[in-house]
> 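The structure's right below; bear with me while I get my questions together.
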Amino acid sequence: MVPDLRPKLAFVLLLSVCAFVLSWQVLTLLIALVLLLPFVLPTYHPASPRARRLFLRFVLFSVALSGAIITLNGWMIQSGEPVDTILGITLYSGGLLFGIQTASRLVLLSFSVLLFFTSTPIPVCINALQQSGLSRTVVLMLLLTLHFLDTLPERIDRIFVAQEARGAPVRAGFVSRTKAFFSILSPLLLSSMAESVDRGVALELRGFLLETAPSFHTLPPAKPPSPVTVLLLTASVLIVVFSLARWLFP
Amino acid sequence: MKLSEQFTKETSGAAIPFIAFCIALNLTAGQITSALKIPIYLDSIGTVLTAVLVGPLAAATAGAFSNLLASAMGSPTMAFFAPVSIVIGLFTGFLAQRGWFKRWYTVVLGGALQGVIAAICSAPISAYLFSGVMMAGTDFLVLYFRSVGNSIMESVFYQGLASDPVDKIITYLIAFILIRNLPQRLTGKFAGASNIPSRSV
């Protein structure tokens, strides 16, 4: 059973639309809501402990980054009244407001995208894409990407250690290190291409490339969108229309 | 030829696993550069390799999925730049099909052109969606250009022009060096075998 991801995607879309049209005060409330959701709604629980760590790390990073964005803009964009002087740096109101609006928009956009991905394992996303009509070539490509994402870091480490043992200057000067870079990337590319050719032959032998290829994994057709999805999409469209109308007829 | 037919033609046999490898390479190449302490990003090396060895549509697909997966892996803003990766894939594939990856100087010129195009494509996204703040070191450059009186759009565009051509020339040259040293036995299995120097053995 493939979970219906459309309400989640519609929610991310609604948050993204809000990020562009609403003031920073409303965005701050929405950011707080997004931060609460993983604790309140089971749909938005992080899919794994790694996803939870990723989300928390990104939240901490965002707090630090928002502070930096607001301070730097307040310092470097010298419009409006001087607000305060900290350590000899004068902050201006225009720059500070711009920094707050930018930071809140960036944080809400980032959090909403991350909320979707941390609560949805990538294989579930791929299944949902297949159910929505994505070609089996692309689905296979994505599944193989997951395989390579799992194995590549280990393979890079192994080549790195082997080349270092052979005397490649991986810790010498900049020019030597740049040369060593090719001694790592070349075998990596070569071995992966050889593996690709082998896998390609295996796919052909199994009839994957035929137009009437046998299907080993059939998913039921997608159901019509739920009322929640329709409601969220309608809200997104209404917000966009209202904002456009306000911009055209101030 | 229809786009779907062109895509099917490009992604036959070994191409599917190779594109998957290239998407993963886009996401993990940083591991090599950080281990060697080389100050380059290489976040589009896989897209360029796909464009040359497989074709433009496959490269556009690889670029788009690289950005979406990067979003899923902790860089949420990357998803919004998927259109830029699609343009990079299409343009590199276009150049490769016209023989620009057979000589080093056309590779350098192509990289510079690609850098300018990437700057033009990414500037509106960066300016209108993120007000020029991208959670990267280049944000300081944007702020500098803003502080000397430029608009957000101009600042982001100048920042792109300052950094993108250099990054893309390096990426193109690395891809060129890697590809020209590959054995023909392997490159011959891909649709773009004729795009690369014939002296490969």
Side-chain angles (χ1 to χ4, degrees), chain A residues 20 54 57-58 61 65 69 72-73 76-78 98 101-103 105-106 109-114 117 120 122 125 135 137-138 140-145 147-149 152-153 156 160 170 174 177-178 180-182 184-186 188-190 192-201 203-204 209, chain B residues 4 7-8 11-25 27-29 31-33 35-38 45 49 53 61-62 65-66 69 71-77 79-80 128-135 139-140 143-144 146-147 174 177-179 181-183 186-187 189-190:
Chain A
F20 292 115
L54 182 76
R57 210 167 50 210
F58 193 80
F61 171 68
L65 189 85
I69 291 172
L72 281 171
N73 277 290
M76 295 189 83
I77 301 171
Q78 298 175 355
F98 176 80
Q101 184 67 42
T102 303
R105 179 193 299 169
L106 190 61
L109 277 174
S110 307
F111 280 9
S112 54
V113 173
L114 207 61
F117 282 117
T120 318
I122 294 175
C125 288
S135 84
T137 309
V138 178
L140 178 73
M141 199 186 291
L142 286 170
L143 290 171
L144 282 170
T145 304
H147 158 75
F148 278 116
L149 278 174
L152 263 189
I156 291 170
F160 191 90
V170 294
F174 178 74
R177 287 205 310 272
T178 308
F181 169 75
F182 285 101
I184 293 167
L185 202 53
S186 287
L188 182 73
L189 180 64
L190 206 60
S192 302
M193 281 181 80
E195 188 185 330
S196 300
V197 170
D198 289 345
R199 282 176 180 270
V201 171
L203 285 173
E204 279 182 40
L209 302 169
Chain B
S4 58
F7 183 74
T8 311
T11 56
S12 60
I16 301 171
F18 181 68
I19 297 166
F21 160 74
C22 287
I23 296 173
L25 185 64
L27 300 169
T28 50
Q31 189 188 339
I32 307 175
T33 52
L36 290 169
K37 299 184 180 69
I38 305 173
I45 183 85
L49 287 171
L53 282 171
T61 311
F65 282 119
S66 298
L69 285 170
S71 265
M73 292 169 70
S75 309
T77 52
F80 297 93
Y128 292 119
L129 267 68
F130 302 106
S131 302
V133 180
M134 283 313 309
M135 303 185 176
D139 289 351
F140 286 99
L143 264 171
Y144 167 74
R146 280 215 68 193
S147 69
I174 289 171
I177 293 167
L178 286 171
I179 286 169
N181 290 318
L182 289 171
L186 282 177
T187 53
K189 308 276 183 193
F190 295 92

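Naming: A, B, ... by sequence-line order, numbering from 1 per chain. Model, not experiment: these values are computed from the prediction.
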> What I'd like to find out is whether the side chain of A:V197 reaches to under 4.5 Å of the side chain of B:F18, using heavy atoms alone.
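No; the side chains remain at least 4.5 Å from each other.
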> Are side-chain heavy atoms of A:F182 and B:I177 found at a separation under 4.5 Å?
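Yes, at least one pair of side-chain atoms sits under 4.5 Å.
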> Below 4.5 Å from any heavy atom of chain B, which atoms of A:F111 appear? Answer side chain, backbone, both or neither.
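No part of A:F111 comes within 4.5 Å of chain B.
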> B:I23 vs A:F148, test: side chain to side chain contact (heavy atoms under 4.5 Å, CB included). Steps then yes/no.
CA-CA 9 Å; B:I23 296 173; A:F148 278 116; over 6 Å; no
> Side chain from CB out, backbone as N, CA, C, O: work out which of these in A:F181 comes under 4.5 Å of a heavy atom of chain B, or both, or neither.
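Interface part for A:F181: both.
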> Shortest non-hydrogen contact from A:G200 to B:P17?
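In terms of heavy atoms, the two residues are closest at N-CG, 4.1 Å.
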> Side chain, backbone, both or neither: which part of A:D198 has a non-hydrogen atom closer than 4.5 Å to chain B?
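A:D198 has no heavy atom closer than 4.5 Å to chain B.
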> Please find the pair of heavy atoms, one from A:L190 and one from B:P183, that lie closest to each other, and give the distance.
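In terms of heavy atoms, the two residues are closest at CD1-CD, 3.4 Å.
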> With respect to chain A, which residue among B:T61, B:T28, B:L25, B:L27 yields the maximal number of heavy-atom pairs within a distance under 4.5 Å?
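Among the listed options, the one with the most contacts to chain A is B:T28.
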> List the atom of A:L152, the atom of B:A24, and the distance in Å for their closest heavy-atom pair.
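Looking at all heavy atoms of both residues, the shortest contact is CD1-CB, 3.6 Å.
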> Between B:F21 and A:R199, is there a cation-pi geometry (under 6.0 Å to ring centre, at most 45° from the normal)?
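No; the conditions do not both hold, so A:R199 does not lie above the ring face of B:F21.
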> Which atoms of A:L188 are under 4.5 Å from chain B, going by heavy atoms: the side chain, the backbone, both sets, or neither?
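Both backbone and side chain.
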> Can you say whether A:L72 sits under 4.5 Å from chain B via the side chain, the backbone, both, or neither, judging by heavy atoms?
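Contact with chain B is through both the backbone and side chain of A:L72.
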> Using a cut-off of under 4.5 Å on heavy-atom pairs, state which of B:C22, B:A62, B:A20, B:A14 scores highest against chain A.
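Among the listed options, the one with the most contacts to chain A is B:A20.
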> Can you measure from OG1 (A:T137) to CZ (B:F7) and round to the nearest 0.5 angstrom?
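Here the interatomic distance stands at 6.5 Å.
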> Should the heavy atoms of other residues, nucleotides or ligands under 6.0 Å from OH of B:Y144 be counted, would the total exceed 12?
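Counting neighbours around OH of B:Y144, 12 or fewer heavy atoms of other residues, nucleotides or ligands fall under 6.0 Å, so no.
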> Rounded to the nearest 0.5 Å, how far does OG of A:S186 lie from CG of B:L182?
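Rounded to the nearest 0.5 Å, the CG-OG separation comes to 7.5 Å.
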> With chain A, which of B:I19, B:I45, B:I32 has the greatest number of heavy-atom pairs at distances under 4.5 Å?
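Of the options given, most contacts go to B:I32.
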> Taking side chain as everything from C-beta outward and backbone as N, CA, C, O, which of these in A:V201 sits under 4.5 Å from a heavy atom of chain B? Side chain, backbone, both or neither.
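For A:V201, there is no contact with chain B at all, as no heavy atom is under 4.5 Å.
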> Answer with side chain, backbone, both or neither: which region of A:L149 has an atom nearer than 4.5 Å to a non-hydrogen atom of chain B?
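Contact with chain B: backbone and side chain both.
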> Answer with side chain, backbone, both or neither: which region of B:L69 has an atom nearer than 4.5 Å to a non-hydrogen atom of chain A?
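Side chain only.
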> Select one option (side chain, backbone, both, neither) describing which atoms of A:L189 are under 4.5 Å from chain B's heavy atoms.
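Both parts, backbone and side chain.
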> Measuring from B:I174:CD1 to A:L185:CG, what's the distance to the nearest 0.5 Å?
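The CG atom of A:L185 is 7.5 Å from CD1 of B:I174, to the nearest 0.5 Å.
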